[in-house]
Colleague: 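Dropping a structure here in structure tokens format, bear with me for questions.
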Amino acid sequence: MAIRNIRVMGDAVLEKECRPITEMNKKLELLIEDMLDTMYEANGVGLAAPQVGILKQLVVIDVSEEGDDPIILINPEIIEMEGSQTGQEGCLSIPGKSGVVTRPNYVKVKALDMDMNEVIYEGTELLARAFCHEIDHLHGILYASKAEGGIHDV
Ligand code: NI
């Protein structure tokens, strides 16, 4: 278990496109464990690899109350979306701030799991928002650029 340093807005690594993962290995397994530890330690509901300085298409999410239901997404892409929701959003890379962002209310995501098998996830409300927010990170996009009226202190 290791907590990694979370990069904050202004760090160029957060604005870069991430590369797809082609094979699972010990180093990546360790990275996934560390990302989960880092997300839980920071009380976040999601963390993307570029937030710990790694430009790979890898995301961890856990929107459960107890923080015991992690979702790991490798090379994720949104393949369907529906509806919309407008609400407050925050990011571990933009500490102490939030902003209002409109997202789809439902998304379907295609990704690979830790065994590199294809998985499909569906999410609504907070989970849909988390999928969109974290997948944006893999393309160098921070929610601040989508926040209506900008970001403000929490
Ligand atoms: Ni974020």
Side-chain angles (χ1 to χ4, degrees), residues 1-19 21 28 30-111 113-114 119 121-154:
M1 152 158 184
I3 306 298
R4 303 221 182 181
N5 184 35
I6 298 177
R7 307 298 184 92
V8 295
M9 190 164 66
D11 190 320
V13 79
L14 294 172
E15 293 168 15
K16 297 203 156 91
E17 187 72 26
C18 293
R19 290 179 296 276
I21 290 171
L28 273 172
L30 185 65
L31 172 63
I32 291 167
E33 275 180 40
D34 287 355
M35 283 175 60
L36 286 167
D37 291 341
T38 304
M39 174 182 72
Y40 289 129
E41 166 81 10
N43 293 313
V45 297
L47 189 70
Q51 293 182 275
V52 293
I54 309 284
L55 288 171
K56 291 187 189 299
Q57 292 185 16
L58 168 63
V59 157
V60 296
I61 289 173
D62 192 338
V63 297
S64 69
E65 290 278 315
E66 298 78 15
D68 60 358
D69 192 18
I71 294 172
I72 292 145
L73 302 174
I74 294 167
N75 305 343
E77 50 180 312
I78 292 170
I79 55 172
E80 271 180 51
M81 58 177 84
E82 234 177 76
S84 86
Q85 55 174 322
T86 299
Q88 294 287 337
E89 206 163 304
C91 178
L92 294 176
S93 292
I94 314 178
K97 305 277 186 187
S98 77
V100 173
V101 182
T102 297
R103 302 282 192 183
N105 197 48
Y106 162 90
V107 297
K108 184 188 273 193
V109 174
K110 184 173 82 168
D113 65 13
M114 280 190 74
V119 282
Y121 284 99
E122 292 179 294
T124 60
E125 299 173 15
L126 178 59
L127 183 55
R129 181 177 292 281
F131 283 142
C132 295
H133 177 114
E134 299 308 330
I135 291 170
D136 270 356
H137 272 298
L138 303 181
H139 304 288
I141 298 164
L142 296 175
Y143 86 86
S145 68
K146 296 184 167 180
E148 296 144 36
I151 58 173
H152 48 80
D153 290 343
V154 174

Colleague: For Cys91 and Met9: C-alpha separation, side-chain torsions, deciding distance, then whether side-chain contact (heavy atoms from CB on, under 4.5 Å) applies.
Modeller: CA-CA 10 Å; Cys91 178; Met9 190 164 66; over 6 Å; no
Colleague: How close do Ala144 and Ile94 get, counting heavy atoms only, and between which atoms?
Modeller: CB-CD1, 4.0 Å
Colleague: Which heavy atom of Asp62 sits nearest a heavy atom of Asp69, and at what distance?
Modeller: OD2-N, 2.8 Å
Colleague: Take Val52 and Arg7 through the side-chain contact (heavy atoms from CB on, under 4.5 Å) test and state the conclusion after the steps.
Modeller: CA-CA 6 Å; Val52 293; Arg7 307 298 184 92; over 6 Å; no
Colleague: Indicate the atoms forming the closest heavy-atom contact of Val101 with Ala147, along with that distance.
Modeller: CG2-CA, 4.0 Å
Colleague: What's the spacing between Leu47 CG and Tyr40 OH if we round to 0.5 Å?
Modeller: 11.0 Å
Colleague: Does anything in residues 136-146 pair up under salt bridge (charged side-chain N to carboxylate O under 4.0 Å, His left out), and if so which pairs, sequence neighbours excluded?
Modeller: Arg103-Asp136, Asp136-Lys146
Colleague: Please check if the number of heavy atoms outside Glu82 that lie under 6.0 Å from its CD is greater than 12.
Modeller: no
Colleague: Lys56: which residues meet the side-chain hydrogen bond (donor to acceptor under 3.5 Å, both in side chains) condition with it, sequence neighbours left out?
Modeller: none
Colleague: Atom CD1 in Ile141, atom CD1 in Ile135: separation rounded to 0.5 Å?
Modeller: 11.0 Å
Colleague: As an exercise, state the distance from CD1 of Ile3 to CD of Glu41, rounded to the nearest 0.5 Å.
Modeller: 4.5 Å
Colleague: I need the minimum non-hydrogen distance between Val60 and Met39, along with the two atoms involved.
Modeller: O-SD, 3.9 Å
Colleague: Would the distance check show the side chain of Asn105 and the main-chain N or O of Gln85 forming a donor-acceptor pair, the cut-off being under 3.5 Å?
Modeller: no
Colleague: What pair of heavy atoms forms the shortest contact from Leu14 to Pro50, and how long is it?
Modeller: CD2-O, 3.8 Å
Colleague: So, taking the atom named CD in Glu33 and the one named CG in Leu31, what distance separates them when rounded to the nearest 0.5 Å?
Modeller: 10.0 Å
Colleague: Backbone N or O of Thr102 within a donor-acceptor pair of the Glu148 side chain at under 3.5 Å?
Modeller: yes
Colleague: Applying side-chain contact (heavy atoms from CB on, under 4.5 Å) to Tyr121 and Leu73, what does each step give before you reach the verdict?
Modeller: CA-CA 9 Å; Tyr121 284 99; Leu73 302 174; 3.5 Å; yes
Colleague: At what distance, to the nearest 0.5 angstrom, does OG1 of Thr124 lie from CZ of Phe131?
Modeller: 10.0 Å
Colleague: Closer than 3.5 angstrom, by distance alone: can the side chain of Gln51 be matched with the main-chain N or O of Ile6 as a donor-acceptor pair?
Modeller: no
Colleague: Just do the side-chain contact (heavy atoms from CB on, under 4.5 Å) check on Ile74 and Leu28 with the steps written out, would you?
Modeller: CA-CA 11 Å; Ile74 294 167; Leu28 273 172; over 6 Å; no
Colleague: If I compare all heavy atoms of Ile54 with all of Cys18, which pair ends up nearest, and what's the gap?
Modeller: O-SG, 4.5 Å
